[in-house]
Amino acid sequence: MTFLMVSYPERVAVFREAFARSLPDVEFVSDPEQVAPEKVRYLMAWTFPEDLAERYPNLEAVFCVGAGIDHVLNAKLAPSVKLIRMIEPGLTTLMRDYVVMSVLALHRRLPAYLQLQREHKWVNLDFAWADQRRVSVLGLGELGQASLNALKPFGFQLAGWSRSPRTLEGIRCHHGPEGLKEMLAATDILICLLPLTPETRGILNADLFAQLPAGASLIQVGRGEHLDHDALLQALDSGHLEAAFVDVTVPEPLPAEHPMWSHPKVILTPHVAAHTRADSAAAATIANLRRMMAGETPVGLVDLERGY
Ligand code: NAP
Ligand code: GLV
């Protein structure tokens with residue numbers, strides 16, 4: 001039984017050591033040239049060859065090293081092959097931290113104060129208490145829920161939106177198109193933590209921004225294709241939106257002349273909100289392999305019909 005992992009040498013080294021310690025009966029290989037393709041039962045990587053099914057005829061499961069699998073969905077998998085995305089505490093913690101950092105920065109109007117500093121202006125801006133600030137998350141999955149839970153101690157009014165109905169303590173939960181409308185009308189800081197699917201592509205557009213109250217802000221940590229960049233810039237320039245954190249774009253990186261690089265109301269980060277931590281990801285992957293060997297469902301199993 002062979003597990004083939006194609007990734008950075010440092011990450012592979014951590015996985016190799018964890019596999020040797022915890023799953024010595026599974027052969028761990030990291031060089032596709034060094035393994036007979038028909039022996040590969042499990043394959044882990046970030047991107048996958050188009051001819052995956054033909055190249056590895058005995059695959060049981062494909063593991064993505066990241067949380068988002070939108071770029072993998074067009075890989076031609078045989079119907080019996082499971083696609084598993086990364087759910088592991090390191091990645092979740094990083095995203096939680098990024099969201100808390102950016103919510104606090106927007107709540108305390110950091111982009112506006114940075115601009116005043118550039119202009120050498122000592123000005124007190126209007127201010128809201130945390131319990132007056134409405135913070136909402138698009139996506140109530142692994143990362144959306146962890147982010148909302150981390151925001152609870154600050155006392156914000158918290159809400160979230162998902163496809164199916166959810167009940168979460170201390171969070172006003174909305175779902176479906178009507179739920180989205182209702183939530184947007186009562187949101188000061190909106191965070192996008194949706195997967196990229198045909199339904200969510202382009203969701204952060206002019207129509208959505210118009211449904212937010214004047215002065216609202218955006219944190220975009222989903223996928224670049226969720227956001228209409230021009231609509232965001234228009235909403236910021238008109239003053240309807242106050243500021244935005246943008247971590248994901250199309251393309252990545254943005255071209256040098258793109259206005260978002262130097263826009264005073266945009267804080268741009270290079271797709272660094274979260275990434276996989278090798279040791280905790282190795283432990284999560286080994287636990288998943290054990291589940292599968294015991295005939296159980298792995299954590300992070302992707303529903304290919306739903307697209308996430
Ligand atoms: P997840 O656990 O699969 O959760 C996805 C959530 O989105 C679920 O609550 C789901 O609703 C909701 N959703 C999906 N389609 C929807 C729709 N059409 N309408 C309303 N809600 C919808 O995903 P996750 O692990 O939290 O990750 C979310 C995304 O974060 C990833 O897919 C990736 O794009 C992004 N990400 C970004 C970075 C970064 O560094 N910027 C890092 C990692 C991940 P249900 O609850 O009803 O299923
Ligand atoms: C990063 O964006 C991931 O999906 O893990």
Side-chain angles (χ1 to χ4, degrees), residues 7-8 11 44-48 63-73 83-102 136-150 159-168 171 173-184 190-205 208 218-227 244-250 252-253 267-278 280-281 284-285 298-308:
S7 192
Y8 313 114
R11 188 183 272 158
M44 173 172 265
W46 173 244
T47 53
F48 298 89
F63 293 78
C64 181
V65 291
I69 45 75
D70 47 281
H71 61 294
V72 183
L73 286 173
L83 173 60
I84 299 161
R85 67 197 190 82
M86 186 56 77
I87 298 190
E88 63 91 7
L91 186 151
T92 302
T93 304
L94 277 186
M95 182 57 82
R96 174 202 75 182
D97 295 351
Y98 186 100
V99 169
V100 170
M101 168 193 73
S102 38
S136 305
V137 179
L138 299 171
L140 285 173
E142 167 71 13
L143 303 178
Q145 286 194 38
S147 300
L148 281 162
N149 287 335
W161 181 65
S162 52
R163 210 168 66 122
S164 48
R166 295 215 170 219
T167 308
L168 301 169
I171 295 159
C173 293
H174 303 263
H175 69 279
E178 281 311 308
L180 179 60
K181 265 192 202 154
E182 199 184 315
M183 186 176 85
L184 292 174
L190 182 70
I191 302 149
C192 177
L193 268 171
L194 288 165
L196 181 65
T197 68
E199 288 78 41
T200 66
R201 183 178 295 273
I203 188 169
L204 302 175
N205 56 27
L208 179 142
L218 174 72
I219 299 168
Q220 157 56 335
V221 276
R223 281 289 182 262
E225 292 86 345
H226 285 136
L227 175 66
F245 274 72
V246 177
D247 182 59
V248 284
T249 59
V250 185
E252 290 181 358
I267 294 188
L268 183 65
T269 52
H271 199 147
V272 291
H275 58 81
T276 297
R277 175 173 169 154
S280 42
T285 304
V299 172
L301 180 65
V302 174
D303 178 334
L304 295 170
E305 288 284 300
R306 244 174 22 170
Y308 70 97

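Since this is a predicted model, take the numbers as computed values, not measurements. For ligands, and for the atoms within them, numbers begin at 1 and follow the listed sequence.
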Return the [atom1] to [atom2] distance between [X] and [Y], rounded to the nearest 0.5 Å.
{"X": "Ile191", "Y": "Leu218", "atom1": "CD1", "atom2": "CG", "result": "9.0 Å"}
{"X": "Ser162", "Y": "His175", "atom1": "OG", "atom2": "NE2", "result": "7.5 Å"}
{"X": "Met95", "Y": "Glu142", "atom1": "CE", "atom2": "CD", "result": "11.0 Å"}
{"X": "Arg96", "Y": "Leu143", "atom1": "CZ", "atom2": "CG", "result": "11.5 Å"}
{"X": "Leu227", "Y": "Leu208", "atom1": "CG", "atom2": "CG", "result": "10.0 Å"}

Which protein heavy atom lies closest to [atom], and at what distance to 0.1 Å?
{"atom": "atom 25 (O) of ligand 1", "result": "Arg85 NH1, 2.8 Å"}
{"atom": "atom 33 (C) of ligand 1", "result": "Arg223 NH1, 3.6 Å"}
{"atom": "atom 37 (C) of ligand 1", "result": "Val221 O, 3.0 Å"}
{"atom": "atom 32 (O) of ligand 1", "result": "Pro195 CA, 3.2 Å"}
{"atom": "atom 21 (N) of ligand 1", "result": "Arg163 N, 3.0 Å"}
{"atom": "atom 31 (C) of ligand 1", "result": "Gly68 CA, 4.0 Å"}
{"atom": "atom 38 (C) of ligand 1", "result": "Met95 CE, 3.4 Å"}
{"atom": "atom 29 (C) of ligand 1", "result": "Leu194 O, 3.5 Å"}

Look only at interatomic distance and state if [X] has a nitrogen or oxygen under 3.5 Å from any nitrogen or oxygen of ligand 1.
{"X": "Leu193", "answer": "no"}
{"X": "Leu140", "answer": "yes"}
{"X": "Thr197", "answer": "no"}
{"X": "Tyr308", "answer": "yes"}
{"X": "Thr200", "answer": "no"}
{"X": "Glu142", "answer": "yes"}
{"X": "His226", "answer": "no"}
{"X": "Leu143", "answer": "yes"}
{"X": "Glu199", "answer": "no"}
{"X": "Ala274", "answer": "yes"}

Residues passing the side-chain contact (heavy atoms from CB on, under 4.5 Å) test with Arg11, sequence neighbours excluded, are Met5, Ser7, Tyr8, Phe15, Val65, Thr276, Ala278

Considering residues at least two apart in sequence or located in another chain, which fulfil the side-chain contact (heavy atoms from CB on, under 4.5 Å) criterion with Arg277?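 By the side-chain contact (heavy atoms from CB on, under 4.5 Å) rule, Arg277 matches Glu88, Asp279, Ser280.
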
Find out whether Leu138 and Leu193 are in side-chain contact, i.e. whether some heavy atom of one side chain is under 4.5 Å from a heavy atom of the other.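 A side-chain contact is absent here, since even the closest heavy-atom pair is not under 4.5 Å.
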
Side-chain ([X]) to main-chain ([Y]) donor-acceptor, under 3.5 angstrom:
{"X": "Thr197", "Y": "Glu199", "value": "yes"}
{"X": "Glu305", "Y": "Gly307", "value": "no"}
{"X": "Glu182", "Y": "Gly179", "value": "no"}
{"X": "His226", "Y": "Pro195", "value": "yes"}
{"X": "Trp161", "Y": "Gly176", "value": "yes"}
{"X": "Glu225", "Y": "Arg201", "value": "no"}

In terms of atom number and element, which parts of ligand 1 are under 4.0 angstrom from non-hydrogen atoms of [X]?
{"X": "His271", "result": "39 (C), 40 (O), 41 (N)"}
{"X": "Val248", "result": "41 (N)"}
{"X": "Ala67", "result": "43 (C), 44 (C)"}

Given side chain to side chain contact (heavy atoms under 4.5 Å, CB included), test Gln220 with Asp247 step by step and report yes or no. CA-CA 6 Å; Gln220 157 56 335; Asp247 182 59; over 6 Å; no

Quick one: list whatever passes ring pair (Phe, Tyr, Trp, His ring centres under 6.0 Å) with His71, sequence neighbours left out. Trp46

Option whose closest heavy atom lies nearest to [atom], chosen from [options]:
{"atom": "atom 46 (O) of ligand 1", "options": "Arg166, Arg306, Gln220", "value": "Arg166"}
{"atom": "atom 41 (N) of ligand 1", "options": "Asp247, Val302, Val137", "value": "Asp247"}
{"atom": "atom 35 (C) of ligand 1", "options": "Gly300, Gly222, Ala273", "value": "Gly222"}

Shell of residues surrounding ligand 2, defined by a 4.0 angstrom heavy-atom cut-off that is strict: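 Heavy-atom contacts below 4.0 Å: Trp46, Gly66, Ala67, Gly68, Leu91, Arg223, His271.
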
For Arg223 and Asp70, which heavy atoms make the closest approach, and how far apart are they?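 Reported closest heavy-atom pair: NE-OD1, 2.9 Å.
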
In this structure, does ligand 1 have an atom that sits under 4.0 Å from one of the heavy atoms of His175? no

Would you tell me whether Tyr308 and Thr200 have side-chain atoms, one donor and one acceptor, within less than 3.5 Å of each other?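 No donor-acceptor contact under 3.5 Å links the two side chains.
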
